[in-house]
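Okay, structure first, notes after.
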2 protein chains.
Amino acid sequence: MLRISKLTDYGTLILAHMAGLPGRLHSAAELAEALGLGLPTVSKVLKTLGRHALVSSQRGAHGGYVLTRAAEQITVADIIDALEDQPFGLTECSASAGVCSMESDCRIRDNWLRINTVVRQALQSVTVADMVHPDAPSPLARGLVSNEPASHRMHGPARLGSRAAATSLAACIPTPRADDQEI
Amino acid sequence: MLRISKLTDYGTLILAHMAGLPGRLHSAAELAEALGLGLPTVSKVLKTLGRHALVSSQRGAHGGYVLTRAAEQITVADIIDALEDQPFGLTECSASAGVCSMESDCRIRDNWLRINTVVRQALQSVTVADMVHPDAPSPLARGLVSNEPASHRMHGPARLGSRAAATSLAACIPTPRADDQEI
DNA sequence: CTATACAGTACCAATTTAGTACTTTTAATG
DNA sequence: CATTAAAAGTACTAAATTGGTACTGTATAG
Ligand code: FES
Ligand code: FES
């Protein structure tokens with residue numbers, strides 16, 4: 001359905017929140033509380049992010065997680081790579097080689113590869129830092145986007161009633177980053 | 001998982017195949033045969049495409065489907081809109097308004113809206129015609145894409161053994177379109 | 001040595017997606 | 001006008017994925 005999974009969405013929320021208070025340790029419980037998500041769920045996401053070296057963890061009492069790099073260096077593409085298990089690609093055929101029997105004489109596959117690349121570049125052009133602070137030179141804004149109506153619905157929180165809260169939540173306003181994108 | 005559904009993938013295959021013999025009527029059975037897909041499945045996809053006016057149908061004996069517009073006028077985004085039921089958007093929050101409780105003070109949502117727009121533009125820049133003929137001035141190619149390695153795997157055919165064939169299949173090679181995109 | 005917090009594994013439940021079956025309507029053809 | 005080919009519609013079933021939870025283990029602070 002051309003959606004990232006909820007876990008991935010939670011990942012952006014969590015990282016954005018952490019980026020709000022950089023350098024500090026954040027326990028899974030604290031994040032869960034702040035974002036209105038279930039503790040086990042937050043834990044799971046953090047563990048995975050840890051495995052992909054986006055956060056590092058401190059065990060034991062007063063332990064917690066910190067970002068391993070500056071928020072400016074973590075792109076949405078990184079988060080997706082960490083949390084989505086399938087390899088990046090809009091179609092099965094175009095996500096990995098050797099899966100489709102007709103791959104050799106398929107004329108469509110190459111197109112998907114191109115589309116994938118463009119999409120990925122869009123995702124790489126937005127960092128966690130962009131998510132956090134509202135105003136700043138927005139890369140997607142200048143020329144990249146023509147801003148036709150894109151609809152919207154619901155973010156991180158999904159079915160748990162608790163999640164419906166998440167008032168303090170860290171990041172949101174629109175501010176893609178300003179370096180590597182001349183898409 | 002940031003994938004389009006298989007049905008949508010089949011849709012591109014089907015439309016591309018039809019674009020190969022334009023003007024002609026194609027029965028669902030013929031297409032199923034040619035693409036190595038199940039007849040009921042192809043039928044389902046065609047019905048949906050019909051409902052969204054991408055193909056028109058002729059009932060009765062010797063009936064079938066034809067494209068309603070030139071292949072150049074049907075974009076991948078059109079196909080996705082027709083076959084995916086959820087509204088376009090990478091996250092739930094950003095796909096429709098009013099679903100997330102914290103929408104008003106969410107700083108992240110706006111970023112997703114931008115990302116959605118960019119992604120959509122990429123999808124709008126490729127037409128069925130591009131999918132069909134191999135070589136031609138490729139819009140995504142010139143400047144739009146930096147061509148970093150994007151992986152690949154498997155296309156239309158998935159679990160039916162029959163689908164593994166699809167030799168004649170219509171379209172594939174890389175050739176996005178050349179009009180409306182200055183992303 | 002106890003409390004806190006991360007790590008890993010495994011599992012279960014809910015949703016979504018894919019695919020099939022069956023019935024009805026429409027049109028061509030002899 | 002009967003027969004046949006093909007699409008339209010409806011509904012259902014089965015499979016795969018996702019989301020979420022529970023439990024057990026390990027490390028560290030105090
Ligand atoms: S959490 Fe940002 S709009 Fe839902
Ligand atoms: S590569 Fe699988 S159908 Fe094109």
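Labels below follow one simple rule: chain letters A, B, ... track the order of the sequence lines, proteins then strands, and each chain is numbered from 1. Quick note: numbers below take in every heavy atom, side chains included, and nothing from hydrogens, waters or symmetry partners. Note that the coordinates shown come from a computational prediction; the quantities given were computed from them, not determined experimentally.
- The shortest side-chain heavy-atom distance between Leu35(B) and Tyr10(B) does not fall under the 4.5 Å cut-off.
- Sorted by residue number, the members of residues 43-55 of chain A with any non-hydrogen atom under 4.0 Å from DNA chain D read Lys44(A).
- Residues meeting the salt bridge (charged side-chain N to carboxylate O under 4.0 Å, His left out) test with Glu30(A), sequence neighbours left out: Arg24(A).
- Shown here are the side-chain contact (heavy atoms from CB on, under 4.5 Å) partners of His62(B), two or more places apart in sequence or in another chain: there are none.
- Taking atom CG of Leu39(A) as the reference point, atom P of dG19(D) lies 18 Å away to the nearest angstrom.
- For Lys6(A), the listed nucleotide lying nearest its side chain is dG19(D); candidates were dG19(D), dT17(C), dT18(D).
- Residues Ile79(B) and Gly11(B) approach most closely at CG2-C, 4.3 Å, considering heavy atoms.
- Regarding Glu33(B), its CD atom lies at a distance of 17 Å from the C1' atom of dA5(D), rounded to whole Å.
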For Leu2(B) and Ile80(A), run side-chain contact (heavy atoms from CB on, under 4.5 Å): C-alpha distance rounded to whole Å, both residues' side-chain angles, the deciding distance at 0.1 Å, then the answer. CA-CA 9 Å; Leu2(B) 202 46; Ile80(A) 290 176; 4.2 Å; yes
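- Heavy atoms of Ala28(A) sit under 4.0 angstrom from primed sugar atoms or phosphate atoms, though from no base atom.
- Judged purely by atom type and a 3.5 angstrom limit, Glu103(B) uses its side chain to pair as donor or acceptor with the backbone of Gly98(B).
- Listed by chain and residue number, Ser27(B), Leu39(B) satisfy the side-chain contact (heavy atoms from CB on, under 4.5 Å) test with Ala29(B) (two or more places apart in sequence, or in another chain).
- To the nearest angstrom, P of dA6(D) lies 14 Å from NE2 of His26(B).
- Atom CZ of Arg3(A) and atom C1' of dT17(D) are 16 Å apart (whole Å).
- Atom CD1 in Ile4(A) sits roughly 19 Å away from atom P in dT17(D) (whole-Å rounding).
- There is a side-chain donor-acceptor pair under 3.5 Å between Thr8(B) and Glu84(B).
- Per the geometry, CD belonging to Glu92(A) stands 12 Å off C1' belonging to dT17(D), to the nearest Å.
- Note on Ser5(B): a side-chain N or O is less than 4.0 Å away from OP1 or OP2 of dA18(C).
- Rounded to an integer number of Å, the gap from CG of Leu13(B) to P of dA18(C) is 14 Å.
- Partners of Ala53(A) by side-chain contact (heavy atoms from CB on, under 4.5 Å), not counting sequence neighbours: none found.
- A heavy atom closer than 4.0 Å to some atom of DNA chain C occurs in Ser57(A), Gln58(A), Arg59(A), Gly60(A), Ala61(A), His62(A), Gly63(A), Gly64(A), Tyr65(A), these being the qualifying members of residues 56-65 of chain A.
- For Gln86(B), taking side-chain heavy atoms from C-beta onward, the closest of the listed nucleotides dG19(D), dT17(C), dT18(D) is dT17(C).
- Rounded to a whole Å, the CG atom of Asp9(A) is 11 Å from the P atom of dG20(D).
- Proximity of Tyr10(B) to the phosphate of dA18(C): no side-chain N or O atom is located under 4.0 Å from OP1 or OP2.
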